[in-house]
Protein chains: 2
Amino acid sequence: MTPPLHLSLAGQAVDVLREQVLTGEIPPGSRVNEVEVAQKLGISRGPLREAIRHLASEGLLTLVPHRGAFVPDAGPEDVKALFELRTALECAAAELAASRRTDVDLVRLQDVCAESRRNYRAGQPFPYRLDLAFHQTLLDAARSPYIAEQVRLVQQRVVLLRSALGDDPPHQHASMDDHDELVRTIADGDAAKASTVMRRHLSRVCAQMLTSSTH
Amino acid sequence: MTPPLHLSLAGQAVDVLREQVLTGEIPPGSRVNEVEVAQKLGISRGPLREAIRHLASEGLLTLVPHRGAFVPDAGPEDVKALFELRTALECAAAELAASRRTDVDLVRLQDVCAESRRNYRAGQPFPYRLDLAFHQTLLDAARSPYIAEQVRLVQQRVVLLRSALGDDPPHQHASMDDHDELVRTIADGDAAKASTVMRRHLSRVCAQMLTSSTH
DNA sequence: AAACTGCCAACTGTCGACAGTTGACACGTT
DNA sequence: AACGTGTCAACTGTCGACAGTTGGCAGTTT
């Protein structure tokens, strides 16, 4: 009845590989051997190749002809360039969210912020999970499917960069404040200010990634 | 000496198929049969499948499990949503171009505009080629590789939408004026205004696509 | 005549094997 | 000892064949 989200071996391989790349289980700079991984996953090279190409199209692997697939190893310039893209997309999303949000969108955003605060007071350092949830909720409110899709892909690459730079920072407090302010401007329907606040938020996050990186 | 851009059959197939999809040679809504196309290209199904998946990742084909690949057929909502993405990206590019442009970037932009004018006076209706060249040149001036890549993909999808909507409009004069104004603001280094002008330009182009569509 | 059921052809998903290329190692040369 | 050359194993690129699924059509039932 439920059309199983992926029954295809290639689809499953995409999920498994993506997880392994994003968690750093396959470390940046390392190579992905087709036969080896295929055997490990218990599938043939065909579906695995499709999975590899798919992840490459998401920017999670880079393909070198006749050499294979590598987990990209990134430097500070990549962080800056990627955040230029992220800023373009998420500022636009913030603007759209400010003008399109419904009341339930607003409640959802406030809920995420509240949970972050609660979590923070409980001692935990603002898990990345909640940051993602916030941006995702904001994106839903923007109701722009193409922008949403691209943001999803960019955020994935940001996660990869984190592991590549050996950076695991709780940027915590400042980000929570940014999020709160963003929600307020979105509540007001102030598109221009939402964009400005988002830009400041992202430039702060970017700066922190650059300073806390081990390179 | 020149490392041949693609020797791989899959790469060649991507080029051929992309061309056929973008020109409408394979009409929107139609299906891509793997064995048939593979035979026509004189290759096996493996490389062709990779090509199909690649084009799907660019948004030029949609994949349906166990059914195959289709050229997406689009409606007005798709145009609007896609232009939201395009606007986000190209406005950011315009801002960056305004602050990063070199003198030779400026000359290149002016050249493209001049050629458009010349072409227009010669009677020709501002070929799409020159419009693309302008946006491409502006993108080079922005020096933001990730944004540039995404814009390239979006522009491709716009071309596809044109063929899907049966729209082949010379928006000509207004666009040329927009381009000229954009170049002036970029020359001034006025990032904020560059973004504004770009936004107006794209909303105009989008509106024209919507009104002149046959649906 | 409409609707349901079971079969069938066409096509995609997957596999194992072969061919061509790459980078590295060992050997010989200066 | 440093450098150039030839060989080789490992891996990717490609192919043809098999298996499973889908949508449609014919036949049957009401």
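Order of the sequence lines sets the chain letters (A, B, ...), proteins ahead of strands, with each chain counted from 1.
- At a non-hydrogen distance threshold of 4.0 Å, nothing from residues 24-33 of chain B comes into contact with DNA chain D.
- Under the side chain to side chain donor-acceptor pair (under 3.5 Å) criterion, the residue pairs touching residues 79-88 of chain A are Glu84(A)-Arg100(B), Glu84(A)-Ser144(B), Arg86(A)-Glu90(A), with sequence neighbours excluded.
- Rotation axes derived from the C1' atoms of the five outermost pairs at either end of the helix from dA1(C)-dT30(D) to dT30(C)-dA1(D) lie 10° apart, to the nearest 10°.
- Within residues 51-63 of chain B, the residues approached by DNA chain C to less than 4.0 Å at the level of any non-hydrogen atom are Arg53(B), in residue-number order.
- The salt bridge (Lys or Arg N to Asp or Glu O under 4.0 Å) test applied to Arg31(A) returns no partner, not counting sequence neighbours.
- Taken to the nearest 0.5 Å, the CG atom of Leu55(B) stands 9.0 Å off from the CG atom of Asp15(B).
- With sequence neighbours excluded, the residues forming a side chain to side chain contact (heavy atoms under 4.5 Å, CB included) with Gln136(B) are Leu139(B), Asp140(B), listed by chain and number.
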Quick one: side chains of residues 18-26 of chain A, donor-acceptor pairs under 3.5 Å with protein atoms, not counting sequence neighbours, listed by atom name and distance.
| from | atom 1 | to | atom 2 | distance (Å) |
| --- | --- | --- | --- | --- |
| Arg18(A) | NH1 | Glu58(A) | OE1 | 2.5 |
| Arg18(A) | NH1 | Glu58(A) | OE2 | 2.9 |
| Arg18(A) | NH1 | Gln156(A) | OE1 | 3.1 |
| Thr23(A) | OG1 | Glu19(A) | O | 2.9 |
| Thr23(A) | OG1 | Gln20(A) | O | 3.4 |
| Thr23(A) | OG1 | Glu25(A) | N | 3.4 |

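- Partners of Arg49(A) under the salt bridge (Lys or Arg N to Asp or Glu O under 4.0 Å) rule, at least two apart in sequence or in another chain, are Glu34(A), Glu50(B).
- For the salt bridge (charged side-chain N to carboxylate O under 4.0 Å, His left out) condition, the pairs that include at least one residue of residues 144-153 of chain B, sequence neighbours left out, are Glu149(B)-Arg152(B).
- To the nearest 0.5 angstrom, Leu202(A) atom CG is 9.0 Å from Asp178(A) atom CG.
- Atom OG of Ser44(A) is separated from atom CD of Gln39(A) by 11.0 Å, given to the nearest 0.5 angstrom.
- The aromatic rings of His201(B) and His179(B) sit perpendicular, their planes meeting at an angle over 60°, well past the 30° parallel limit.
- Evaluation of the side chain to side chain contact (heavy atoms under 4.5 Å, CB included) rule for Thr62(B) yields Phe70(B), Pro72(B) as partners, not counting sequence neighbours.
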Practice item. Do nucleotides 14-24 of chain C as a string where each nucleotide becomes B, S or -: B if the base has a protein heavy atom under 4.0 Å, S if just the sugar-phosphate does, - if no protein is that close. Key: BB-B---SSS-
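- In this structure Leu9(A) satisfies the side chain to side chain contact (heavy atoms under 4.5 Å, CB included) test together with Gln12(A), Ile43(A), Pro47(A), sequence neighbours excluded.
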